[in-house]
> 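Sending over a structure as structure tokens; questions will come in a sec.
In the text below, chain A, chain B and the rest are named by the order of the sequence lines, each starting its count at 1. Atom set for the values below is all heavy atoms of this structure, side chains included, hydrogens, waters and symmetry mates excluded.
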Amino acid sequence: MGQIRIENLSKEYVDRRRQKRSPTSPKTHGRRVRVLDGIHLEFDAGEMVCILGPSGCGKSTMLRIIAGFEQPTAGAVWVDDRRLNRPSPDHIFVFQHSGLLPWMTVSQNVELGIRHMEDEKEKAALIQEFVEMVELEGFENHYPYQLSGGMQRRAELARALAVNPEMMIMDEPFSGLDFLTHMKMREEVVNMHQLIGKTILLVTHDIDDALIMGDRVVVLGGRPANVKLDQRLDFSHPRNFEKDEELGRLREEVFLMLGVSYAV
Amino acid sequence: MRSSKNNWILSSLSFLLLLILWELSAKFSGWNEHVFPGPLQVLKGMMELSSDGTLFRHSVASLYRVTAGFYLAVVLGIPLGILMGRWSWMRMIVNPMIQFLRPISPLAWIPLAMLWFGIGDKPAIFLIFLSSFFPLVVSTTVAVGSINPVFFQVARNFNFSRWETISRIVVPAITPSVITALRITITIAWLVVVAAEMIAVQSGLGYLILDSRNALRMDYVMDGMIIIGFIGLLLDGFMRKLGHIEAALWRTMGRRVG
């Protein structure tokens, strides 16, 4: 797999609430609200693409369309010449709040994507490998409610990685974590990406996350949303805003773009 | 620890007080002891009834009917609830019928039940079934409808088959609410069996009560009532235990952690 193309992607919703307020036009089925407006993006397989945007701008909608959970009103997502239009284990979604199945233990959750493997021994070894990769050894038989927020995210990462997907789609994977856990997870995801080289699409509202982690940063904005910035980030890891002055300048630029006049 | 012990003492004291009040009011009511027996009389009756095995026989008969009707309702009601919760066309077909039949008291079915199933266990089991079936269908449907949609997205993401979605998402997700529904439903079923046994059968605690009334043995009537209350408590306790099984824990515990 070489290239991923998001082509002219648009999404409209029908706002049913407004229908009742406009008795003058009883025939229209609510007002159509356009969320995404002709999004066009191209990137290489293996890249970590961080998508930024103000909340409610439609970035999560875009992710759900790429994952195949929703259908676009217009446009399409292509991997080389194959169209992505339905959910598949090839592109695993990592949910904003936990997507772990709460009635399954950590290892049962990790097993989900490889449950059809015939060799039980090999399967068990694989589960163990990924549990260890996210440093959850000793917690294999714990239920999600017995884990901290950060451990839950890591378990979900292990579950996603165990499938060996082409792409991982992460919707605000760090939201709700405390500051230290957030910083650690950020580092872990960067390390993981360097280790396995999967394509990662990551939506965040944290500008620093995007600039520190991404091989490419995309800023969405406007209503309906379109691409305001699409920039490769060729900085070596670990990154630092003081060390890489250019990165620091870009940070201020992105802050401005999102409507904050000075970077904190 | 200490306070729970105190609570226990307090509870037994108040129960004892109730017994004393009962005995006193029975003595001074001016009614014949056949009409309003005191606790001692009732206890004596209880001994008589249990010594010849009557009480045991009737309890088993009632429990058998409740178990049969209740299981029938579980086996048919929960799957139907799952189907209705998962597929809206199914809901559109079945729901109007369910909603229409649901508010009809199972006791209103007695004439039909007797005509259709004759005399014996069958009409009673049918009435128990009716009393449990509708609440179970409705609660299961609601439980399926309130499953977090994220779980279904996970299922699609991992290519779950239709069967896997049911067995690995829907069933475990609704287990805690279904157990609660079972607990409420068995209580209803136990209420209904007594009424059902006052017709068309020659055994069961309901029959014991009716038969004792005809013989003007109010002490036996009260014995029947006490055993009904006692077994009802046991059934509820058993169902509550069911709520602590591992499959249901994720929700009760999950709330604590978030």
Side-chain angles (χ1 to χ4, degrees), chain A residues 60 63-71 84-106 108-116 141-152 155-156 159-160 162-171 176-177, chain B residues 78-79 81-82 85-88 139-140 142-183 241-258:
Chain A
S60 290
L63 275 201
R64 281 200 302 275
I65 291 173
I66 296 170
F69 295 144
E70 288 183 36
Q71 294 302 317
L84 299 189
N85 53 5
R86 78 179 78 134
S88 140
D90 289 336
H91 27 102
I92 293 291
F93 201 92
V94 177
F95 290 87
Q96 179 170 10
H97 303 291
S98 182
L100 294 171
L101 301 182
W103 47 84
M104 291 185 184
T105 62
V106 169
Q108 286 169 334
N109 266 292
V110 175
E111 193 200 354
L112 282 185
I114 50 174
R115 65 193 185 284
H116 294 310
N141 296 322
H142 282 55
Y143 287 92
Y145 66 80
Q146 296 169 311
L147 304 177
S148 70
M151 289 160 96
Q152 290 180 7
E156 199 172 342
R159 182 176 79 181
V163 198
N164 193 21
E166 290 173 352
M167 185 178 5
M168 284 168 68
I169 304 169
M170 306 169 87
D171 188 7
L177 296 178
Chain B
I78 292 178
I82 289 176
R86 276 305 274 153
W87 290 291
S88 54
S139 352
T140 308
V142 171
V144 173
S146 53
I147 296 175
N148 185 345
V150 164
F151 300 148
F152 291 116
Q153 291 178 342
V154 171
R156 291 172 67 197
N157 207 172
F158 285 94
N159 255 350
F160 274 32
S161 64
R162 195 168 281 194
W163 169 246
E164 279 177 313
T165 308
I166 298 286
S167 66
R168 306 192 68 170
I169 305 281
V170 174
V171 170
I174 62 172
T175 298
S177 347
V178 167
I179 288 178
T180 311
L182 288 177
R183 200 179 145 195
K241 274 260 159 28
L242 209 57
H244 296 304
I245 61 172
E246 201 168 333
L249 272 185
W250 63 268
R251 198 167 74 177
T252 30
M253 302 299 285
R255 284 210 195 98
R256 215 176 289 167
V257 183

> Just give me the residue among N157(B), T175(B), N148(B), I169(B) that pairs up with chain A most often, heavy atom to heavy atom, under 4.5 Å.
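When all of N157(B), T175(B), N148(B), I169(B) are compared, N157(B) has the most.
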
> Using heavy-atom distances under 4.5 Å, tell me whether R159(A) contacts chain B through its side chain, its backbone, both, or neither.
both

> Just jot down the salt bridge (Lys or Arg N to Asp or Glu O under 4.0 Å) partners of R86(B), sequence neighbours excluded, or say none.
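Counting only residues at least two positions away or on another chain, R86(B) forms no salt bridge (Lys or Arg N to Asp or Glu O under 4.0 Å).
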
> Among G113(A), S88(A), A67(A), who wins on heavy-atom pairs under 4.5 Å with chain B?
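Answer, by heavy-atom pair count under 4.5 Å with chain B: S88(A).
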
> Among P102(A), S98(A), G99(A), who wins on heavy-atom pairs under 4.5 Å with chain B?
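Option with the top pair count is P102(A).
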
> Select one option (side chain, backbone, both, neither) describing which atoms of F160(B) are under 4.5 Å from chain A's heavy atoms.
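The answer is both parts of F160(B).
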
> Are any of the side-chain heavy atoms of V170(B) and I147(B) separated by less than 4.5 Å?
yes

> Keeping E156(A) on the side-chain end and F95(A) on the backbone end, is there a donor-acceptor pair under 3.5 Å?
yes

> What about W103(A) and Y145(A), are their ring centers closer than 6.0 Å?
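Centroid distance W103(A)-Y145(A): not below 6.0 Å, so no.
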
> Which atoms of H97(A) come close to chain B, meaning under 4.5 Å heavy atom to heavy atom: side chain ones, backbone ones, both, or neither?
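Contact with chain B involves no heavy atom of H97(A) at all.
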
> At a heavy-atom separation under 4.5 Å, does A155(B) approach chain A through its side chain, its backbone, both, or neither?
neither

> Side chain, backbone, both or neither: which part of Y143(A) has an atom under 4.5 Å from a heavy atom of chain B?
side chain

> For R156(B), give me all partners under salt bridge (Lys or Arg N to Asp or Glu O under 4.0 Å), at least two apart in sequence or on another chain.
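Scan of R156(B) (salt bridge (Lys or Arg N to Asp or Glu O under 4.0 Å), adjacent residues dropped) gives none.
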
> So, D171(A) and S60(A): side-chain donor and acceptor under 3.5 Å apart, yes or no?
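Result is yes, a qualifying pair exists.
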
